[in-house]
Amino acid sequence: MKIILIAGPTATGKTEVSVKLAHKINAEIISMDSMQVYKGLDIGTAKANEQEMDGIKHYMIDVLDPTENCSVAWFKSTVKDLISDISARGKIPILVGGTGFYINAVLFDTNFDEQITTDYKAEFTAFYYDYGKEQLFAKLQDVDPESASTIHPNNVKRVIRALEFFSQNGFPISKHNKEEKYKRFDNISPYDYTFFALNMSRDTLYSRINRRVDLMVDNGLFHEVEKLFNRGLDENLAALQGIGYKELFPFFKGQLSKDEVIDILKRNTRRFAKRQITWFNHQSNPIFIEVDELGFNSEKIANTIIELSNLRKF
RNA sequence: GGCGGCAUAGCCAAGUGGUAAGGCAGAGGUCUGCAACACCUUCACCACCAGUUCAAAUCUGGUUGUCGCCU
């Protein structure tokens with residue numbers, strides 16, 4: 001099955017390019033974004049609106065309530081089915097988004113067969129609170145020294161996951177990771193794919209991000225977040241950890257001013273973009289398209305993608 | 001014009017004789033069931049000139065800049 005991926009850091013214009021491309025090659029779009037899955041998070045996640053979608057079908061948007069938690073395992077299997085459906089209808093799926101972790105999971109069909117039957121996570125979390133991270137890490141060194149050499153002791157979240165994995169499966173997660181990783185190194189994918197990442201010079205990207213945040217504010221970001229805030233949801237929910245949401249909460253609690261909160265939001269978005277770039281540079285191997293060199297012209301960019309994907313036949 | 005204070009990284013800021021805390025911003029990374037998460041690494045010859053001293057960001061003199069007060 002042929003698929004096209006368009007990734008890249010936030011604010012590079014993925015939406016516009018993908019819709020344009022979809023029209024040219026008779027495609028449908030699957031969003032590869034860990035936050036756009038949630039209903040009610042529209043402005044802050046830069047979700048495409050009806051007009052921007054321009055008649056192209058989009059999937060994986062607004063499929064969960066903020067009270068539900070998305071996970072890679074679920075996301076991967078859902079997208080897998082969608083790809084089959086779309087292909088079966090004779091259309092090409094374009095996967096678009098910035099969540100590199102999810103993209104790799106789909107692209108290389110990461111194995112998530114592990115069934116979580118016992119709540120080891122809660123167990124180890126409790127242990128951590130009682131004995132601290134050193135003791136927790138010592139446990140990992142015992143059962144999975146290889147992971148212990150990779151995961152920093154401060155990274156409690158990952159240490160707990162590694163411990164959970166071992167307890168659940170009886171073999172170390174480092175073994176699992178190695179197996180999954182080699183799929184990427186050897187490029188073993190169930191799909192016939194072409195993977196692009198849009199990018200541009202750092203300075204340009206950062207000023208676009210700053211401008212976009214201002215625009216979001218103008219478009220009612222505060223109003224959107226206030227609605228969520230007023231629902232009184234648990235702030236630890238994955239949806240409320242999204243950039244644009246967690247930053248504004250202190251404003252509604254009266255802890256920070258509007259301007260302060262906006263500056264932090266801009267900074268966090270910049271950092272996020274930087275992390276995304278690092279991911280695409282090292283954890284996957286897309287063809288980078290420098291959109292500033294193409295004058296941000298989505299028409300040109302879409303055509304470049306068609307050429308590089310050998311899709312001329314469409 | 002006079003008097004006084006201050007000049008330390010992009011910003012804030014400790015440090016009053018022994019060869020520069022910390023925070024923020026920035027940069028570089030890690031990552032396989034919370035990933036827009038979590039975590040790691042990194043970043044200065046202390047305004048300039050001359051002097052004292054084995055040794056100065058730290059003391060002395062001067063220059064420049066800056067802030068405050070006075071006239």
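Residue numbers start from 1 in every chain, and the chains themselves are labelled A, B, ... in the order their sequence lines are given, proteins ahead of strands.
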Report the nucleotide, chosen from B/C40, B/C31, B/A36, that has the shortest atom-to-atom distance to any side-chain atom of A/I243.
->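 Minimum distance to the A/I243 side chain belongs to B/A36.
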To the side chain of A/N155, which of B/U32, B/C39, B/C34 is closest?
->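 Per side-chain heavy atoms of A/N155, the pick is B/C39.
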Tell me, which of [range] have any heavy atom that sits under 4.0 Å from an atom in RNA chain B?
range	result
residues 96-109 of chain A	A/T99, A/F101, A/Y102
residues 259-282 of chain A	A/R267, A/R270, A/R271, A/F272, A/K274, A/R275, A/T278, A/W279, A/H282
residues 218-241 of chain A	A/Q241
residues 124-146 of chain A	none
residues 186-216 of chain A	A/R202, A/Y206

Partner residues of A/Q241 under the side-chain contact (heavy atoms from CB on, under 4.5 Å) criterion, sequence neighbours left out |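 Expected list: A/K246.
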All side-chain contact (heavy atoms from CB on, under 4.5 Å) counterparts of A/Y131, not counting sequence neighbours |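 Once residues adjacent in sequence are excluded, the partners of A/Y131 under the side-chain contact (heavy atoms from CB on, under 4.5 Å) criterion are A/F127, A/Q135.
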With sequence neighbours left out, what residues match A/N268 under side-chain hydrogen bond (donor to acceptor under 3.5 Å, both in side chains)?
->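 Applying side-chain hydrogen bond (donor to acceptor under 3.5 Å, both in side chains) to A/N268 gives A/E247.
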Of all residues at least two apart in sequence or in a different chain, which pass the side-chain hydrogen bond (donor to acceptor under 3.5 Å, both in side chains) check with A/T10?
-> A/R212
Check for a donor-acceptor pair, side chain of A/T204 on one end and backbone N or O of A/M200 on the other, with a separation under 3.5 Å.
-> no
Of A/M35 and A/I151, whose closest RNA chain B nucleotide lies nearer the 5' terminus?
-> A/I151
Name the nucleic acid region contacted by A/Q115, choosing base, sugar-phosphate or nothing; use a 4.0 angstrom heavy-atom cut-off, strictly under.
->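 Touches a base.
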Base, sugar-phosphate alone, or nothing: which one does A/G44 contact when heavy atoms must sit under 4.0 Å apart?
-> base
Pairs counted as Watson-Crick or G-U wobble with both distances under 3.5 Å: what dot-bracket string results for RNA chain B, using | for bases tied to another strand?
-> ((((((((.[[[..)..(...]]].(((((.......)))))....[[[[[..)....]]]]]))))))).
Just jot down the ring pair (Phe, Tyr, Trp, His ring centres under 6.0 Å) partners of A/F249, sequence neighbours excluded, or say none.
-> A/F229
Which residues share a ring pair (Phe, Tyr, Trp, His ring centres under 6.0 Å) with A/F166, sequence neighbours left out = none
